[in-house]
Amino acid sequence: MREERLLMVFAKRPEAGRVKTRLAEEVGEKKAVEIYRRLLARTREVCLEVPVRRQAWFDGDLGEESPWGPPHFECRVQPEGDLGARMSHAFRMAEEEGPRQALLIGSDCADLRADHLRRAFEALERHDLVLGPASDGGYWLVGARAWHPELFRGIPWSTSDVLARTLQKAESLGLRTRRLEELGDVDTAENWQRARRRHDYLS
């Protein structure tokens with residue numbers, strides 16, 4: 001019997017020059033990598049609290065010793081292309097492999113809790129699409145019951161219009177959409193300081 005719920009995580013190898021480039025301009029590359037490692041570890045902990053099938057989509061091979069491997073995560077490598085193309089590929093693979101509900105999150109949301117993921121899966125019981133708005137105008141989560149490639153085409157990624165444009169596309173497709181709680185990513189030194197004040201695990 002195939003798992004009905006799939007949780008996918010998009011992440012990058014924690015290496016200088018690959019992660020948190022905007023943050024690195026303010027705090028330095030070494031510190032930015034350290035911060036990303038903390039966020040990555042926290043994301044993994046949260047995911048393990050949700051008893052579903054899990055996939056870790058990284059931007060390259062992590063090696064056999066990675067904590068993101070089996071038995072808790074299936075390791076996948078992100079394909080070439082912009083963010084939209086990569087996310088669309090992940091949802092296409094999810095549909096081909098059979099889960100009825102698929103969620104995709106990033107790995108830099110300091111506010112993420114297991115309850116957010118549980119509520120997102122619950123929302124997919126009654127909606128076609130679930131989006132978790134981010135404070136920068138993007139989204140920290142996207143969930144769907146089926147693959148809709150149009151949702152990921154023509155979106156101005158890394159801008160404040162990502163969520164709005166995605167909602168417009170969802171409406172044009174006639175999708176029943178649910179918006180979740182707005183959360184914040186860590187992209188700047190100000191974001192990081194705010195996150196540290198709110199979360200003991202980052203201190």
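These figures come from a predicted structure and were not determined experimentally. The residues of the chain are indexed from 1 along the displayed sequence.
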| request: Apply side chain to side chain contact (heavy atoms under 4.5 Å, CB included) to Arg76 and His89, showing your working. | output: CA-CA 11 Å; Arg76 303 290 177 94; His89 173 80; over 6 Å; no
| task | Decide yes or no on side chain to side chain contact (heavy atoms under 4.5 Å, CB included) for Ile35 and Trp192, but give the supporting numbers first. | result | CA-CA 8 Å; Ile35 291 171; Trp192 171 240; 3.5 Å; yes
What pairs of donor and acceptor atoms, side-chain ones from residues 107-119 against any protein atom, are under 3.5 angstrom apart with sequence neighbours left out?
unit_1: Ser107; atom_1: OG; unit_2: Phe10; atom_2: O; d: 3.3
unit_1: Ser107; atom_1: OG; unit_2: Tyr36; atom_2: OH; d: 2.7
unit_1: Asp108; atom_1: OD2; unit_2: Lys20; atom_2: NZ; d: 2.5
unit_1: Asp111; atom_1: OD1; unit_2: His199; atom_2: NE2; d: 2.7
unit_1: Asp111; atom_1: OD2; unit_2: Gly184; atom_2: N; d: 3.3
unit_1: Asp115; atom_1: OD1; unit_2: Arg118; atom_2: NH1; d: 2.7
unit_1: His116; atom_1: ND1; unit_2: Arg113; atom_2: N; d: 3.0
unit_1: His116; atom_1: NE2; unit_2: Glu181; atom_2: OE1; d: 3.2
unit_1: Arg118; atom_1: NH2; unit_2: Glu49; atom_2: O; d: 3.2

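Under the 4.5 Å side-chain heavy-atom criterion for Ile, Leu, Val, Met, Phe, Trp and Tyr, Leu151 and Met8 are members of the same hydrophobic cluster. A single hydrophobic cluster is not seen to contain both Leu183 and Met87; linkage of ILVMFWY side chains at heavy-atom distances under 4.5 Å, directly or through other members, places them apart. In the hydrophobic cluster analysis, where Ile, Leu, Val, Met, Phe, Trp and Tyr join through side-chain heavy atoms closer than 4.5 angstrom, Phe121 is grouped apart from Leu129. Hydrophobic clustering of Ile, Leu, Val, Met, Phe, Trp and Tyr side chains at less than 4.5 Å, counting indirect connections, keeps Leu175 apart from Leu124. Phe58 and Met93 sit in two unconnected hydrophobic clusters of ILVMFWY residues. Membership requires side-chain heavy atoms under 4.5 Å apart, directly or through other members.
In terms of heavy atoms, Leu180 sits closest to Gly132 at CB-CA, 4.1 Å. In terms of heavy atoms, Pro156 sits closest to Val162 at O-CG2, 3.4 Å. Ala11 approaches Leu40 most closely through the heavy-atom pair CB-CD1, 3.7 Å. Summarising the geometry of Ala170 relative to Thr177, their closest heavy-atom pair is CB-OG1, 3.6 Å, with the distance given to 0.1 Å. The two residues Ala16 and Glu29 make their nearest non-hydrogen contact at CB-OE1, 3.4 Å.
Applying the ring-ring contact (aromatic ring centres under 6.0 Å, His included) test to pairs two or more places apart or on separate chains, those with a residue in residues 150-174 are Phe91-Phe152. The stretch residues 126-150 participates, sequence neighbours left out, in these side chain to side chain donor-acceptor pair (under 3.5 Å) pairs: Ser88-Trp147, Asp128-Arg176. The salt bridge (charged side-chain N to carboxylate O under 4.0 Å, His left out) pairs that include a residue from residues 78-92 are Arg92-Glu96, where partners are two or more places apart or lie in different chains.
In terms of the side-chain hydrogen bond (donor to acceptor under 3.5 Å, both in side chains) criterion, Arg37 has no residue partners (sequence neighbours excluded). Residues satisfying the side-chain contact (heavy atoms from CB on, under 4.5 Å) criterion with Arg54, sequence neighbours excluded, are Cys47, Leu48, Val52, His72, Phe73. A search for side-chain contact (heavy atoms from CB on, under 4.5 Å) contacts involving Glu25 returns nothing, not counting sequence neighbours. Considering only residues two or more places apart in sequence or on other chains, Glu26 meets the side-chain contact (heavy atoms from CB on, under 4.5 Å) condition with Thr188, Ala189. By the side-chain contact (heavy atoms from CB on, under 4.5 Å) test, Arg179 is found to be paired with Pro133, Leu163, Leu167, residues two or more places apart in sequence or in another chain being considered. The salt bridge (Lys or Arg N to Asp or Glu O under 4.0 Å) search around Arg5 returns Glu125, not counting sequence neighbours. Residues passing the salt bridge (Lys or Arg N to Asp or Glu O under 4.0 Å) test with Glu190 are Arg194, sequence neighbours excluded.
If you take CG on Leu23 and CG on Asp185, they are separated by 12.0 Å, rounding to the nearest 0.5 Å. We find the CZ-OG1 distance between Arg38 and Thr43 to be 14.0 Å, quoted to the nearest 0.5 Å. If you take CG on Leu104 and CD on Gln55, they are separated by 10.0 Å, rounding to the nearest 0.5 Å. Note: Glu171 CD to Thr166 OG1 = 13.0 Å, rounded to the nearest 0.5 Å. Expressed to the nearest 0.5 Å, how far CG of Leu141 lies from CG of Leu131 amounts to 7.5 Å.
Cluster note: Val77 groups with no other residue, as no ILVMFWY side-chain heavy atom lies under 4.5 Å from it.
Residues Val33 and Val19 form a side-chain contact, since some pair of their non-hydrogen atoms from C-beta on lies under 4.5 Å apart.
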